[in-house]
Amino acid sequence: ATQLQLAPGEMADQVIVLGGGLAGHCAAHTVLEQGGRVLLLDKSAFCGGNSTKATSGINGAATRAQRALKIQDSAELFEADTAKSAGAGLRRDLVRALTHLSGPGVEWLSDRFGLDLSLVSQLGAHSVPRTHRGPELFPGMSITYRLMETFEEAAKAEPARARLINKAKAVQLIGDASGVRGVVYEREGQRFEEYGCVVIATGGFAADFADHSLLQEVEQEWRSSPAWKAVRNLPALRSLPTTNGDHCTGDGIKMARSIGANVVDMSFVQVHPTGLVNPTEPEAKVKWLAAEALRGVGALMLNRHGRRFCDELGKRDYVSSCMFNDEGPFWLVLNSAAAKEIQWHCDHYIGRGVMWRLADLAALAAHLRVAPAVLQETFAQYTAGAANKSDPFGKTTFNAMPWKTNDYFYVCQITPVVHYTMGGIEVNDRAQVKSTTGAVIPGLYAAGEVVGGVHGHNRLGGSSLLGCVVFGRLAGQSATQHLLRELLRTRASGGGSTEPSSAKQVLEIDWQRRAVTLLPASSADPKTAAVATIPQSTSSGKPSSQQQQQQPAKKLLKLTAAEVAKHNSKTDCWVILHGKVYDVTPFLQDHPGGAKSILAYAGRDATKEFDMLHKPNIITKYATEFLIGEIGESTATAAPTAPAPASAPPSSSSSVPPPVAGGVTMAELQKHNTAEDCWTAIHNVVYNLTPFLQDHPGGASILVKYAGKDSTKAFDAAGHPSDIVSQLGLEHLIVGPLISSGTSEAPEAPPPSSSAAAA
């Protein structure tokens, strides 16, 4: 279906932005600010993309926040740092645009969208602190969501100027190297065409792992990069895990290349050293990222022997190279002083099951499987080196000092991951796309990770979000200027028409609304403009809020936490949020953060972790249809539980007998002492760990060691958090209280939620 027919050489009066991440939204907002009209297309059910996952912040030089903190910085110093990181891949014009527009970009976010970016930290390879974030949430999430929310409001207020269509996959650019005039996209099995100049903001290709993919295409050249020259056993690029969602497959690069756009630096694929390993699925292809800010506040990196092996604040390729040349598993460790600087992140990672708080040095040593004396020596050497400014790895910035042995610690296991692709579409410093001949392709622009050449061989932490903002704004400005210039040129020459029978058009400029609209000369009514023939905004194909309000109120079930806990798989996933129960099974594939982000809390109360990342209105905007009940006295006999597929394994709770009335004696506990029948007591509470053995992060053998015994001492020595039972959703493993022989009264004990089902 074609919404608008144009004569050859004619340009429609809109900018089409492909991709709803931060770069796309920066471009879209800039078009609106410049007085233009914009259509935003995103292939996912929800916008946000990889931008929402950025964990460290956004770089900016000479900002108000830096001045308030008396940080001496300049665009020139930032440019020098970026040029050094870029190495032989430096493109000076792009680096200058990135760094010299960084301060204005950060101020634009603060002033235009009211974002608090007052906290400033120093990341690896930066000369001074310049990475900005706010006091709450991941900065990528808070920044991108604010722009998403503001654009949705604009689309509602002025639907003739701002439109958003989700689940719309762009498949072809309309045009060639001589000019681009529109795009073909697919939605719900149909093809549509939209006309206008195009901004590509579709992201990189760090999850393009298939055969004949872009990652496969660049593998050999990537291996020959100077960054890996000293690596003895470099793994295959596609064998590494990634931090990117499955939407990052280089769609925009492939489309642009097919019409003659040039691509550059495609082999510059960045490997990040701190992908988080979840011990329950260590081989998972997609991993969460440990924010670089963790190292910025003072975290140490240790190898399997409990020793440091690099400057933790070095460039990402340097740190990754050191890991490839050393022995894992590798650990990221924070002392109490470092953790307090970034407590929100630590709490978030603990909630996801990828970080642990350990009570003392002995517990940390046990977790790392090294002798406490080794860690004592490591910490003493590091503290002495910091005091003497003589670090063996050349480190010059030391935070969270000193490292003491009488402290508590946070630790996570880390591994190198494919994180960012520096290569992509070639642009100039106005975000205009270049062809293979070096000429600008009229009507085509690019911004964000889809652009190549901005970061050279290596991207500095904090410059990913910055690239989205700077080049998103440049693309929006350039596209709007091109649009106005072309409309004035074609109308002045009398060329082009949106109606075959009409030779004249009226270009209406509304200075008060800062809007440009193309009207048939015979009409004074803006409703008859070309825009009227184009479909209106849709956000993931859901009914409007008005339609939802007209639907009859849903009768909610009363459910207990124990009943919710039974629904804990990807085929049957319930979660509790603020006392209400949601069946999010059909939402898993559409969740912007990926299904795993929800499955980590399947069958559990996810309120604390949800509130860390989301605003309260997210539930009312997107999750109302999934609401099925609330926590209270059970009426679950009428619960609409879908049967599991025939191939689905039985729930782990099905193999656990009901709680033992009156409690369990030690003599009874001792009978259950094998891998096939494994009970243990922790803080006077007895657990049947049999169905949990294969999932235990530390392996089954450590639990079987305490089968039929009281494992409280070992449990405490391991430093498990007091609420680990509720964290892991293991309340169903409780058999009953441990009681003395000959009595039905249980001894005094902490409630089950203060115990844990892991030794």
Side-chain angles (χ1 to χ4, degrees), residues 53 55-56 138 206-207 209 233-246 270-295 299-310 312 316 319-334 339 342 345-358 363-370 409-420 593-597 599-601 609 692 694-702 718-721 724 727-728 758:
K53 299 179 183 179
T55 55
S56 294
F138 282 160
F209 286 102
N233 296 298
L234 184 65
L237 178 58
R238 290 195 295 159
S239 72
L240 296 173
T242 181
T243 59
N244 286 238
D246 57 11
Q270 185 174 77
V271 176
H272 197 293
T274 58
L276 288 163
V277 178
N278 188 326
T280 64
E281 47 177 4
E283 302 302 320
K285 194 65 174 175
V286 179
K287 298 188 185 304
W288 288 304
L289 184 72
E292 197 150 321
L294 296 176
R295 287 179 285 148
L300 298 184
M301 295 178 67
L302 306 180
N303 62 16
R304 68 180 302 172
H305 305 295
R307 304 289 188 183
R308 292 179 63 231
F309 55 92
C310 69
E312 290 84 356
R316 293 171 177 181
V319 178
S320 297
S321 295
C322 291
M323 296 174 77
F324 289 140
N325 280 335
D326 212 296
E327 294 182 90
F330 299 99
W331 307 94
L332 193 68
V333 182
L334 294 86
I342 201 161
H345 284 72
C346 295
D347 292 342
H348 175 69
Y349 295 139
I350 287 175
R352 290 192 181 275
V354 291
M355 180 176 275
W356 297 267
R357 183 187 188 278
L358 302 177
L364 176 62
H367 192 88
L368 272 56
R369 295 180 175 84
V370 299
F409 304 92
Y410 288 81
V411 62
C412 53
Q413 185 180 345
I414 54 175
T415 190
V417 286
V418 177
H419 179 56
Y420 192 89
K596 289 182 180 179
S597 299
L599 288 171
Y601 306 101
E609 289 76 14
F692 180 62
Q694 63 181 352
D695 295 328
H696 181 237
S701 60
I702 189 65
H720 293 299
I724 196 169
Q727 279 190 28
L728 298 179

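Computed from heavy atoms alone, side chains included, the values below leave out hydrogens, waters and symmetry copies.
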Show which side-chain atoms of residues 275-283 pair as donor or acceptor with protein atoms under 3.5 Å away, not counting sequence neighbours.
from   : atom 1 : to     : atom 2 : distance (Å)
Asn278 : OD1    : Thr280 : N      : 3.0
Asn278 : OD1    : Thr280 : OG1    : 2.7

Thr243: which residues meet the side chain to side chain contact (heavy atoms under 4.5 Å, CB included) condition with it, sequence neighbours left out?
Leu289, Val417, His419
State, to 0.1 Å, how close Gln413 and Pro329 come at their nearest heavy-atom pair, and which atoms those are.
NE2-CB, 3.5 Å
I'd like to know whether Arg295 forms a side chain to side chain contact (heavy atoms under 4.5 Å, CB included) with Leu332, so could you lay out the CA-CA distance, the side-chain angles of the two residues, the decisive distance to 0.1 Å, and finally the verdict.
CA-CA 8 Å; Arg295 287 179 285 148; Leu332 193 68; 3.8 Å; yes
Side chains of Cys412 and Val354, heavy atoms from C-beta outward: is any pair under 4.5 Å?
no
Sort and list the pairs that fulfil side chain to side chain donor-acceptor pair (under 3.5 Å) and have at least one residue in residues 319-331, not counting sequence neighbours.
Asn303-Asp326, His305-Glu327
Ile414 CD1 to Lys287 NZ distance, which is reported to the nearest 0.5 Å:
12.5 Å
Of all residues at least two apart in sequence or in a different chain, which pass the ring pair (Phe, Tyr, Trp, His ring centres under 6.0 Å) check with Tyr349?
none
Please find the pair of heavy atoms, one from Phe330 and one from Met323, that lie closest to each other, and give the distance.
CZ-O, 3.2 Å
Trp288 vs Lys53 side-chain heavy atoms within contact, under 4.5 Å:
no
Who are the side chain to side chain donor-acceptor pair (under 3.5 Å) partners of His348, not counting sequence neighbours?
Arg352
Holding to side chain to side chain contact (heavy atoms under 4.5 Å, CB included), I want the full list of residues that pass it with Cys310, two or more places apart in sequence or in another chain.
Met301, Tyr318, Val319, Cys322
Phe209: partners by ring pair (Phe, Tyr, Trp, His ring centres under 6.0 Å), with sequence neighbours left out:
none
What pairs with Arg308 under salt bridge (Lys or Arg N to Asp or Glu O under 4.0 Å), at least two apart in sequence or on another chain?
Glu312, Asp391
Hey, could you give me each pair passing salt bridge (Lys or Arg N to Asp or Glu O under 4.0 Å) that has a residue in residues 235-246? Not counting sequence neighbours.
Asp211-Arg238
Restricting to side chain to side chain contact (heavy atoms under 4.5 Å, CB included), what partner residues turn up for Ala366, sequence neighbours left out?
none
With sequence neighbours left out, what residues match Tyr420 under ring pair (Phe, Tyr, Trp, His ring centres under 6.0 Å)?
His455
Cys346 side, atom SG; Arg357 side, atom CZ - distance, nearest 0.5 Å:
10.0 Å
When you measure from the side chain of Lys285 to the backbone of Leu240, do you find a donor-acceptor pair of N or O atoms at a distance under 3.5 Å?
yes
Got a second to check how far Leu294's CG is from His345's NE2, nearest 0.5 Å?
6.5 Å
Under a 3.5 Å distance rule, please check whether Ser56 uses its side chain to pair with a backbone N or O of Ala291 as donor and acceptor.
no
Side-chain touch Val418/Asn244, heavy atoms, less than 4.5 angstrom:
no
Short side-chain to backbone donor-acceptor contact, Thr242 and Ala207, under 3.5 Å
no
With Tyr410, the side chain to side chain contact (heavy atoms under 4.5 Å, CB included) member among Leu358, Ile342, Ile350
Ile350
Could you tell me which non-hydrogen atom of Leu334 sits nearest to which non-hydrogen atom of Ala299, and how far apart they are?
CG-CB, 3.7 Å
